[in-house]
Number of protein chains: 2
Amino acid sequence: MAEDTQQEVLAGRLRSAQLKVTAPRIAVLGVLSGHGHLDADSVFSAVTQQLPKTSLQAVYGVLSALVTSGLVRKIEPAGSPALYEARVGDNHHHLVCLNCKRVEDVDCVIGESPCLTPSNLHGFAVQVAEITFWGVCSSCQAATAELEPTS
Amino acid sequence: MAEDTQQEVLAGRLRSAQLKVTAPRIAVLGVLSGHGHLDADSVFSAVTQQLPKTSLQAVYGVLSALVTSGLVRKIEPAGSPALYEARVGDNHHHLVCLNCKRVEDVDCVIGESPCLTPSNLHGFAVQVAEITFWGVCSSCQAATAELEPTS
DNA sequence: ACAGTTGTTTTGATTCATTCAAAACAACTG
DNA sequence: CAGTTGTTTTGAATGAATCAAAACAACTGT
């Protein structure tokens, strides 16, 4: 059935990253492939629905292994717990809502290379440029407009 | 003496931000004007040298008041506690060492505006773009080179 | 100069996300 | 299928930051 093939795809990804294939790892990878940006606790909740005896620490362990091997990316926006996403390898950026902390992907920035070129490197060997756009998401704009109809 | 005029300058900055002038606030502002990027605990250590009975919570309270009023900027690089800096109003960016977490300022990015223009806003009202450059600082490069002379 | 009001600082406790460590256990190798 | 290696569980601990109430200090107007 479809679930099995999906599990095999995920297992293959784990194997090619030289990771042992375990049920918690498949579950975590599956959850992250479905949803966008989840914190450890949300991943834990989702995982325990299919694998009830998984511990939170196992989730932390799995996430850390997946991040280290490059299968999952960890982002840490100010004011939120760490978030994990399965979209990887394209160094995309993020839009974060100042109000509700919702996160959206930003495919890339116009021009691209300017953002990777600081004017003064202070002797640093720069490896990546991480851009976070802070703003107000559409739902929060709507909610604010409702509270202040004419100001 | 010079110290008094410096204190008056800091007091003036507090007044023009509509903040009451208190000894802990002047001390915190003074510490941040001298050094670069400090976490709450380092600010606390520096402040208690001139004002021994200041509490850590007071430092947190002062920092939060200064940040809210725009006199101090708070940055939260992944993997470090929050850092505070007195340089404010110019939306400069940061270079962070992947190894030792040292932070340096980046005056601005070549081109500047491209980095403020995401390709898809997802309905967000974007207010600021924050750029963090991750790399290895010169001291850590030197330390690594010493451990692996020819590889 | 001083009393009142407002806002700040202290004191003490608590929260949350995350990490550590040891023992029990399961996946891959040959 | 047994052995090795690495993972997961269990239980506890950490660090950074926040909350709340009481004591206190800065500014206002008189």
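Worth knowing before you read on, the calculation uses all heavy atoms, side chains too, and leaves out hydrogens, waters and symmetry mates. The sequence lines fix the lettering, A, B, ..., with proteins before strands; numbering per chain opens at 1.
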In whole angstrom, give the distance that lies between atom [atom1] of [X] and atom [atom2] of [N].
X: A:L51; N: D:dT8; atom1: CG; atom2: P; result: 10 Å
X: B:E76; N: D:dA17; atom1: CD; atom2: C1'; result: 10 Å
X: B:L14; N: C:dG7; atom1: CG; atom2: P; result: 16 Å
X: B:I26; N: C:dT8; atom1: CD1; atom2: C1'; result: 14 Å
X: A:Q18; N: C:dT29; atom1: CD; atom2: C1'; result: 15 Å
X: A:L19; N: C:dT29; atom1: CG; atom2: P; result: 13 Å
X: B:R25; N: C:dT10; atom1: CZ; atom2: P; result: 12 Å
X: B:F44; N: C:dT9; atom1: CZ; atom2: P; result: 14 Å

Side chain to side chain contact (heavy atoms under 4.5 Å, CB included) evaluation trace for B:V72 with B:L32:
CA-CA 8 Å; B:V72 162; B:L32 288 178; 3.7 Å; yes

Which part of the nucleic acid does B:S55 contact within heavy-atom distance under 4.0 Å: base, sugar-phosphate only, or nothing?
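Base, at least one base heavy atom under 4.0 Å.
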
Identify whether any heavy atom of B:A65 sits under 4.0 Å from a base atom; if not, whether one sits that close to sugar-phosphate; answer base, sugar-phosphate or nothing.
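Nothing: the residue B:A65, judged by heavy atoms under 4.0 Å, touches no strand.
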
If [N] has a Watson-Crick or G-U wobble mate with both distances under 3.5 Å, name it; if not, just say none.
N: C:dC25; answer: D:dG6
N: C:dC16; answer: D:dG15
N: C:dG30; answer: D:dC1

Can you tell which of [options] lies closest to the side chain of [X]?
X: A:A82; options: C:dT18, D:dA26, D:dT7; value: C:dT18
X: A:K74; options: D:dA17, C:dT19, C:dA27; value: C:dT19
X: B:V62; options: C:dT8, D:dA17, C:dT9; value: C:dT9
X: B:Q57; options: D:dC19, C:dA17, D:dT10; value: D:dC19

Do B:H94 and B:H92 make the cut of ring centroids closer than 6.0 angstrom?
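So the answer is yes for these two rings.
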
Side-chain donor/acceptor contact of B:K20 with base of C:dT6 under 3.5 Å:
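In this structure, the two groups form a donor-acceptor pair.
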
Heavy-atom donor-acceptor pair, B:D105 side chain to B:D107 backbone, under 3.5 Å
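Side chain of B:D105 to backbone of B:D107, a donor-acceptor pair under 3.5 Å: no, none is there.
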
Donor-acceptor pair, side chain of B:R73 and main chain of B:Y84, under 3.5 angstrom
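No, the answer is negative, given that no donor and acceptor are paired below the 3.5 Å cut-off.
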
Which residue lies toward the 5' end of DNA chain D, B:V21 or B:D41, if each is placed at its nearest nucleotide?
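This one resolves to B:D41.
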
Let me know, please, whether B:Y60 or B:R15 comes out on the 5' side of the other along DNA chain D by nearest nucleotide.
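Counting from the 5' end, the first nearest nucleotide belongs to B:Y60.
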
Report yes if at least one side-chain N or O of B:T22 is closer than 4.0 Å to OP1 or OP2 of C:dG7; otherwise report no.
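For C:dG7, neither OP1 nor OP2 has a side-chain N or O of B:T22 closer than 4.0 Å.
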
Evaluation steps, side chain to side chain contact (heavy atoms under 4.5 Å, CB included), between B:R13 and B:S69
CA-CA 11 Å; B:R13 272 203 252 164; B:S69 63; over 6 Å; no

Which value, rounded to the nearest 0.5 Å, describes the distance between B:K20 atom NZ and B:R15 atom CZ?
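Rounded to the nearest 0.5 Å, the NZ-CZ separation comes out at 13.0 Å.
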
